[in-house]
Amino acid sequence: MRRHLIAGNWKMNLNGEQAVDLATAVASLAKTEHADVVICPPAVYLDQVLEAVRAVRLIGKDFSIGAQNVSDQPNGALTGEISVAMLEDLGVSYVILGHSERRQYLHETDAVVNAKLRAVLGSSLIPIVCVGETLTEREQGETLAVVRRQVAGAFSGIPAELAQKAELAYEPVWAIGTGKTATPEQAQEVHGDLRKLMGEQYNDQLAATVRILYGGSVKADNAADLMSKPDIDGALVGGASLQAETFLKIIAAARP
Ligand code: PGA
């Protein structure tokens with residue numbers, strides 16, 4: 001049975017004090033007997049957030065801190081970039097890769113996501129690889145083709161022993177930050193396809209164990225329905241992770 005993972009993606013929000021307050025509230029109140037939790041603050045607050053969380057609970061598999069992005073290069077003349085080793089050094093456990101906002105606004109291609117995934121899989125960090133179609137692509141019946149291309153691109157040349165460490169997130173672009181959520185049935189259909197794709201690209205065991213999160217306007221009132229579906233193994237939460245109370249409700253809605 002796959003344990004659920006609830007990830008909070010704070011994106012480019014909050015100031016340092018708010019980040020510490022939110023992290024402290026979530027870390028002290030989150031119940032993690034039934035699910036794993038990761039919070040992903042802006043990179044400049046990772047250190048403060050780690051310290052705040054360590055003050056109230058042990059950081060471990062069930063509660064950890066993630067980054068929203070990382071460089072594919074180990075070091076060098078790359079102004080503004082942050083390396084995998086720097087994140088490891090801080091005590092970060094997860095990193096989100098291939099988020100649609102980075103694909104859309106920062107021109108991250110499947111090849112870039114692949115390079116970052118290779119860098120991350122050679123480290124102690126756990127990647128959350130995001131895929132998802134735009135509204136036009138869905139309306140043109142291309143959803144499966146799009147996620148197939150994104151999965152094949154992201155995992156190209158990566159062997160099963162490394163790929164098995166990755167988490168996936170299905171985030172339909174039309175549902176992110178729009179208040180429009182995929183119905184549990186729509187999401188389950190794509191999650192089922194994604195699991196099949198991982199089986200084709202790798203093997204049945206990897207397909208059975210990979211966690212596939214759903215993201216896109218997950219809220220306290222739709223989280224339980226989404227996560228009741230057999231192939232939905234948790235949630236990647238944007239807007240609703242910025243409020244402790246709402247995020248805690250989503251954590252509580254994870255399937256035991
Ligand atoms: P949202 O964002 O929950 O605000 O729609 C989800 C995401 O982008 O990860």
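As the structure lists them, so they are numbered: ligands from 1, and atoms in each ligand from 1. Values below: every heavy atom of this structure, side chains too, minus hydrogens, waters and symmetry copies.
When each of Gln104, Glu137, Arg138 is paired with Val173, the side-chain contact (heavy atoms from CB on, under 4.5 Å) condition holds for Gln104 and for no other.
Heavy-atom proximity to atom 5 (O) of ligand 1, evaluated over Gly215, Cys40, Gly177, is greatest for Gly177. The residue among His99, Lys180, Lys219, Glu101 with a heavy atom at the shortest distance from atom 8 (O) of ligand 1 is His99.
Contacts of Ala169 with ligand 1, taken as heavy-atom pairs under 4.0 Å, are absent altogether. Here Ile176 has heavy atoms under 4.0 Å from ligand 1 in both its backbone and its side chain.
Taking any N or O of Ser217, backbone or side chain, at least one lies under 3.5 Å from an N or O belonging to ligand 1.
Atom 2 (O) of ligand 1 has Lys11 NZ, 3.2 Å as its closest protein atom, hydrogens excluded (heavy atom only). With respect to atom 4 (O) of ligand 1, the closest heavy atom belonging to the protein is Gly239 N, 2.8 Å. Here the heavy atom of the protein found nearest to atom 6 (C) of ligand 1 is Gly238 N, 3.5 Å. Annotation: atom 9 (O) of ligand 1 to nearest protein heavy atom, Glu171 OE2, 2.7 Å.
In this structure, Tyr170 and His191 have perpendicular ring planes: the angle between them is above 60°, well past the 30° mark.
The local environment of CD in Glu17 is sparse, with at most 12 non-hydrogen atoms from other residues, nucleotides or ligands closer than 6.0 Å.
The shell of residues lying under 4.0 angstrom from ligand 1, judged by heavy atoms, excludes Ala240.
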